[in-house]
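Accompanying notes for the structure given below.
Numbering of ligands and ligand atoms starts at 1, following listing order. Quick caveat, the model's predicted, so the values are computed rather than measured.
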Amino acid sequence: MTYLVTGAAGFIGSHLVDRLLARGEQVIGFDNFVDYYSPDRKRRNLAQAMQQPGFTLIEGDIRDPDTVAHIFTRYRPRFVAHLAAMPGPRPSIANPQLYEAVNVGGSLVILDYARRSEVENLVLASTSSVYGKTNRVPFREDDNTDRPLSPYAATKKAAEVLAYTFHSLYGIPTSVVRFFTVYGPRGRPDMTPYLFVERMVRGQPITLFNGGENLFRDYTYIDDIVSGVINALDRPHPYEIFNLGHSQPVELRRFVNLLEQITGYPAQIEIKPLPATEPPITYADTTKAGQLLDFAPRVAIEEGLARFWAWYCDEHQPQH
Ligand code: NAD
C-alpha cells in the first residue's frame, strides 16, 4: 500500500514515515524543508528513511498544484497523512498571511487532489490550540472551537472545516487528529523541552510564563502520537475528530524541575506574563480516540523526557 506523508521531514512526519516503513509500506514523503527551523536537522530526521527502498522523497510545496498533481498521478497513494504546516501559535502573529497560505491554501490543494484520486483514507493533523482558553477541561472534540487565540490556531481550524466540506461533497473518509504538545527525539527547537534544555545547557535563562504556576500542558510522547495516527490511517471513519493527548497535564513548574533532575543542569528562570496566544491549560479528553482508535498513551513524562535527553546528547556530540 502506498502512503503519502506531507511534512515528512518534520518532527512528527519523520517518525510516522519510519514507523510505516518498518511495517513494510511504500511511503512517499513530501516536504519543502522550509527554514522555520534548520533544514539540515530535517534532513537528518529522514536519514534512516532515505536508506529504505520503500521510501521516495519529493521536495516541493503543498501550495504548488503541479507538484501535488504529479504525486497523485505518478504514485497513486491510497492513504494520506497531511502533516505539512507552518506550526507554532506565537510566530504566526508576525506572518499570518504565510500561515493562511500554507495551512489553509496548501491543505486545500492536498484535499482537492486526494478527492480526485479517490484516496481510501485521509488523516489531517490539527492541534489542541483550536480549543482556545474558554473551555472547561478536559477538552472534548465537540467543545466550542470558535475562538482560536492565534492565526495559527485559526488556520488549523479552517483546515478542519475545509476537510469536512470535502468529505461531505466527495465522501473521502477523513479523520482530524488534534495533537497535544508533542515531545520526544527530533522535537522542534522552538518547543519545550528542546528550547528549555538548550538554554539550560548553555547557562542561559529560560522564560516561564506566570513563573510556570497554574500553567499546564498536556505533554504527549511522540511514539504515542504516531500510534494514534497509524490507527487513524488503518481505521477509516466517514468524518471524525479525535484528540490525541496524554490526558495528564503537567504544571510547567514541575516540568522544569523534571528537566533539571534528568539533565543535571539548573534552570535560571525569567518570569513573563502569559501571552494572549497561550491558554493556561491544555488537557485532552481521549475517550473517543480510546474507543474508536484504541488510542492508549503509554509513555510517562519522566520516561519520555529521559528519552528526549538521551537523543539531545547524541545529537550534540562533537562530530568526528
Ligand atoms: P515540523 O515543523 O517539524 O513539521 C512540519 C513539516 O512541514 C516541516 O518539515 C516543514 O518543512 C513542512 N512544510 C511546511 N510548509 C510546507 C509547505 N508549504 N510544503 C511542504 N512542506 C511544508 O512540525 P511538527 O511539530 O512535526 O508538526 C506536524 C503537524 O502537527 C503540523 O500540522 C502541526 O500543526 C501539527 N501539530 C504539532 C504539534 C506539536 O506539538 N509538535 C501540536 C499540534 C499540532
What is the closest protein heavy atom to [atom], and at what distance does it sit?
atom	value
atom 19 (N) of ligand 1	I62 N, 3.0 Å
atom 25 (O) of ligand 1	R188 NH1, 2.8 Å
atom 14 (C) of ligand 1	A85 O, 3.3 Å
atom 18 (N) of ligand 1	D61 OD1, 2.9 Å
atom 13 (N) of ligand 1	N32 OD1, 3.3 Å
atom 9 (O) of ligand 1	D31 OD2, 2.7 Å
atom 4 (O) of ligand 1	G10 CA, 3.4 Å
atom 27 (O) of ligand 1	I12 CD1, 4.0 Å

Side chain, backbone, both or neither: [X] near ligand 1, heavy atoms under 4.0 Å:
X	value
K156	side chain
V34	both
S126	backbone

Side chain or backbone, does [X] bring an N or O within less than 3.5 Å of an N or O on ligand 1?
X	result
F180	no
V102	no
G13	no
V182	yes

Using a 4.0 Å cutoff against the non-hydrogen atoms of [X], which atoms of ligand 1 qualify?
X	answer
A9	9 (O)
M191	39 (C), 40 (O), 41 (N)
P87	2 (O)
F33	11 (O)
G60	19 (N), 20 (C)
A84	7 (O), 21 (N), 22 (C)
K42	8 (C), 9 (O), 10 (C), 11 (O)
T181	40 (O)

Relative to [atom], which among [options] owns the nearest non-hydrogen atom?
atom	options	result
atom 6 (C) of ligand 1	G7, S129, A153, S128	G7
atom 3 (O) of ligand 1	Y37, F179, Y152, Y99	Y37
atom 31 (C) of ligand 1	V5, L83, V130, T220	L83

Using the ring of each side chain (for Trp, its six-membered ring), is [X] parallel, tilted or perpendicular to [Y], with breaks at 30° and 60°?
X	Y	value
Y131	F180	tilted
W309	Y265	perpendicular
H70	Y75	perpendicular

Exercise for the section: Only counting residues at least two apart or in another chain, list the ones meeting salt bridge (charged side-chain N to carboxylate O under 4.0 Å, His left out) with R298. Expected result: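 Once residues adjacent in sequence are excluded, R298 has no partner under the salt bridge (charged side-chain N to carboxylate O under 4.0 Å, His left out) criterion.
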Problem - Rounded distance (nearest 0.5 Å) linking atom CD1 of I58 with atom CG of N32 - result: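 Going from CD1 on I58 over to CG on N32, the span is 13.5 Å.
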Practice task
Look only at the side chain of K133 and the backbone of T282, and say whether a donor-acceptor pair between them is shorter than 3.5 Å.
Solution key: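 Pair absent, no side-chain N/O of K133 close to backbone of T282.
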Problem - Short side-chain to backbone donor-acceptor contact, K42 and V34, under 3.5 Å - result: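 Such a contact is found between K42 side chain and V34 backbone.
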Problem - Lys/Arg N to Asp/Glu carboxylate O, R217 vs E251, below 4.0 Å - result: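 Salt bridge between R217 and E251, a charged N being under 4.0 Å from a carboxylate O: no.
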Practice task
Taking only Lys NZ, Arg NE, NH1 and NH2, and the carboxylate oxygens of Asp or Glu, determine whether R23 and D18 approach each other closer than 4.0 Å.
Solution key: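 No, no charged N to carboxylate O under 4.0 Å.
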Practice task
Would you check if there is a donor-acceptor pair between the side chains of D285 and T287 at a distance under 3.5 Å?
Solution key: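 Side chains of T287 and D285: pair found under 3.5 Å.
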Exercise for the section: Go through the side-chain N and O atoms of R43 and S38 and say whether any donor and acceptor fall under 3.5 Å apart. Expected result: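 Side chains of R43 and S38: no pair found under 3.5 Å.
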Handout entry: Lys NZ or Arg CZ of K272 over F209 ring: under 6.0 Å, within 45°
Key =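 No, a cation-pi geometry is absent between K272 and F209.
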Exercise for the section: Consider only side-chain heavy atoms of I, L, V, M, F, W and Y, link residues closer than 4.5 Å, and tell whether V104 and F166 are in one cluster. Expected result: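 Linked within one cluster.
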Problem - Stepwise salt bridge (Lys or Arg N to Asp or Glu O under 4.0 Å) test for R186 and E315 - result: CA-CA 9 Å; R186 305 182 193 158; E315 180 76 5; over 6 Å; no
Exercise for the section: For this output row, return yes or no: ring centroids of Y183 and F308 closer than 6.0 angstrom. Expected result: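 No, the ring of Y183 stays outside the 6.0 Å limit from the ring of F308, centre to centre.
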